[in-house]
Amino acid sequence: MNSCVVHLDGSFVFITDPACCPEFGDENILTDFLDQRHLEPVALILTHGHFDHVSGLKTMKKRWPDIPVLIHKADSSGIGHDSQIEQGKALTYFGFRSFLPACSDLPEADDFLCDGKTLGMYKLNKLSPKTLAALNKWNVISTPGHTPGSVCLYNADEKLLIAGDTVFYHSWGRTDMPGGSESQIQDSLEGLYKKLPPDTLVYPGHEYYGFELKENY
């Protein structure tokens with residue numbers, strides 16, 4: 001599982017898909033990393049709502065109570081006070097219901113990610129103009145298929161794509177889980193391949209990262 005720590009300005013960063021939790025035995029790995037480097041997260045961005053991408057929310061909110069959580073509305077039932085209902089479907093599918101406590105009663109979303117908006121346009125705590133400018137370089141791209149609310153984050157200046165579970169190295173996200181759609185993810189992939197430069201570097205939610213998008217053509 002790849003959680004991303006993305007530098008913005010000075011000591012400020014945003015975090016994608018925090019997965020650290022007691023059940024995985026890595027509860028403090030992300031908070032320790034940030035504290036040791038004196039970094040301050042300004043947002044928790046969820047590329048989608050699956051259990052392995054949201055299980056660190058409680059740990060992160062315990063350390064930084066005011067940090068906002070952003071997710072696409074179509075996946076928002078995977079977090080919040082009743083998160084165990086939606087998470088139970090996927091965990092039952094995998095025969096992994098023992099992990100349900102890590103995904104129950106999660107923090108609520110503070111705002112919803114929408115296609116075409118930049119991260120600087122959301123409900124975040126007061127930030128400097130330079131930090132907001134850095135956030136505004138990251139655009140939300142809706143990429144349904146792996147889940148209805150899957151998104152990618154794209155930085156055109158740096159040609160970077162944080163792909164969640166939409167794009168993997170020589171592959172793409174599975175669509176056999178509840179809410180998945182193979183036709184939707186193929187449409188999403190086609191859109192990415194058409195719109196983004198072929199030398200865009202891809203950072204997926206799992207396994208090998210930092211490959212060029214054109215390697216998946």
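Within the 3.5 Å criterion, the main-chain N or O of Asp105 finds a donor-acceptor partner in the side chain of Gln84. A donor-acceptor pair under 3.5 Å links the side-chain atoms of Lys58 to the main chain of Ser104, judged by distance alone. Ser188 places a side-chain N or O within 3.5 Å of a backbone atom of Gln184 that can act as its donor or acceptor partner. Distance alone, capped at 3.5 Å, places no donor-acceptor pair between the His146 side chain and the Gly149 backbone. Remark: the backbone N or O of Leu201 is not paired with any side-chain donor or acceptor of Glu212 at under 3.5 angstrom. Judged purely by atom type and a 3.5 angstrom limit, Glu182 has no side-chain atom pairing as donor or acceptor with the backbone of Arg174. Here the side chain of Asn2 pairs a donor or acceptor atom with the backbone of Pro204 at under 3.5 angstrom.
By the 4.5 Å heavy-atom criterion applied to side chains, His50 and Met177 are counted as neighbours. No side-chain heavy atom of Cys21 sits less than 4.5 Å from a side-chain heavy atom of Glu27. The closest side-chain heavy-atom distance from Ile67 to Val42 is not below 4.5 Å. Between Leu124 and Leu135, some side-chain heavy-atom pair lies under the 4.5 Å cut-off. You'll find the side chain of Glu40 stays beyond 4.5 Å of the side chain of Val13, heavy atoms only.
Connection of Val69 to Leu30 is established within a shared hydrophobic cluster, with ILVMFWY side chains joined at heavy-atom distances below 4.5 Å, either directly or through further cluster members. Leu91 and Val54 fall into different hydrophobic clusters, defined by Ile, Leu, Val, Met, Phe, Trp and Tyr side-chain heavy atoms under 4.5 Å apart, directly or through other members. Under a hydrophobic-cluster definition in which Ile, Leu, Val, Met, Phe, Trp and Tyr are linked whenever side-chain heavy atoms come within less than 4.5 Å, directly or via other members, Phe51 and Ile71 are assigned to different clusters. Note on Val151: it does not cluster hydrophobically with Phe168, by side-chain heavy-atom contacts below 4.5 Å among ILVMFWY residues. At a threshold of 4.5 Å between side-chain heavy atoms, the hydrophobic network of Ile, Leu, Val, Met, Phe, Trp and Tyr places Tyr203 and Leu213 in two separate groups.
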Between Asp115 and Ser142, is a side-chain hydrogen bond (donor to acceptor under 3.5 Å, both in side chains) present by the stated rule, with each step listed? CA-CA 5 Å; Asp115 184 70; Ser142 180; 5.1 Å; no
Should His206 and Asp52 be marked as a side-chain contact (heavy atoms from CB on, under 4.5 Å) after you check the CA-CA gap, both sets of side-chain angles, and the distance that decides it? CA-CA 10 Å; His206 299 275; Asp52 52 334; 3.1 Å; yes
Audit row: Leu100, Gln87, side-chain contact (heavy atoms from CB on, under 4.5 Å) steps and yes/no: CA-CA 7 Å; Leu100 191 57; Gln87 296 297 346; 4.1 Å; yes
Give the intermediate values and the outcome of side-chain contact (heavy atoms from CB on, under 4.5 Å) for residues Lys62 and Thr59. CA-CA 5 Å; Lys62 181 179 179 181; Thr59 295; 5.8 Å; no
Please test Trp64 against Leu34 for side-chain contact (heavy atoms from CB on, under 4.5 Å), starting from the C-alpha separation and ending with a verdict. CA-CA 11 Å; Trp64 292 281; Leu34 296 171; 3.5 Å; yes
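Side-chain N/O atoms of Tyr93 and Asp176 include a donor and acceptor closer than 3.5 Å. Between the side chains of Thr47 and Asp17, a donor-acceptor pair is found at a separation under 3.5 Å. No side-chain N or O of Glu207 forms a donor-acceptor pair with one of Tyr169 less than 3.5 Å apart.
From Ser55, atom OG reaches atom CG of Leu106 across 8.5 Å, with rounding to the nearest 0.5 Å. We find the CG-CZ distance between Leu70 and Phe14 to be 10.0 Å, quoted to the nearest 0.5 Å. One finds the CE atom of Met60 at 8.5 Å from the OG atom of Ser3 (value rounded to the nearest 0.5 Å). Between atom CD1 of residue Ile141 and atom CG of residue Leu161 there is a gap of 6.0 Å, rounded to the nearest 0.5 Å. Atoms OG and NE2, from Ser83 and His81 in turn, are 9.5 Å apart once rounded to the nearest 0.5 Å. Rounding to the nearest 0.5 Å gives a distance of 4.5 Å between NZ of Lys117 and OH of Tyr122.
Sparse packing is recorded around CH2 of Trp172, with 12 or fewer heavy atoms of other residues, nucleotides or ligands lying under 6.0 Å away. Around the NZ atom of Lys61, the shell of radius 6.0 Å holds more than 12 heavy atoms that belong to other residues, nucleotides or ligands. Residue Tyr209 qualifies as open at atom OH: its count of foreign heavy atoms under 6.0 Å is 12 or below.
Nearest approach of Asn136 to Gly120, heavy atoms of both residues: OD1-CA, 3.2 Å. Nearest heavy atoms, Gly145 versus Thr175: O-CG2, 3.7 Å. In terms of heavy-atom proximity, Thr166 sits nearest to Ile185 at O-CD1, 4.0 Å. Listed here is the closest heavy atom pair of Ala109 and Ile79: N-CD1, 3.7 Å. Closest approach of Cys20 and Ile29 over heavy atoms only: CB-CG2, 4.1 Å. In terms of heavy-atom proximity, Pro41 sits nearest to Ile15 at CB-CG1, 3.9 Å.
Leu46 pairs in a side chain to side chain contact (heavy atoms under 4.5 Å, CB included) with only one of the listed residues (Thr16, Leu57, Leu113), which is Leu57.
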Per-pair distances, 0.1 Å, donor-acceptor, side chain in residues 127-134, under 3.5 Å, sequence neighbours excluded:
from   : atom 1 : to     : atom 2 : distance (Å)
Ser128 : OG     : Thr131 : N      : 3.2
Ser128 : OG     : Thr131 : OG1    : 3.0

Anything under 3.5 Å between a donor and an acceptor, one on a side chain of residues 152-159, the other on a protein residue two or more places apart or in another chain? List them.
from   : atom 1 : to     : atom 2 : distance (Å)
Asn155 : OD1    : Asp157 : N      : 3.1
Asn155 : OD1    : Glu158 : N      : 3.0
Lys159 : NZ     : Asp199 : OD1    : 3.4
Lys159 : NZ     : Asp199 : OD2    : 3.2

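Aromatic ring centres of His48 and His53: separated by under 6.0 Å.
Under the 4.0 Å criterion applied to side-chain N and carboxylate O atoms, Arg63 and Asp35 are assigned as salt-bridge partners.
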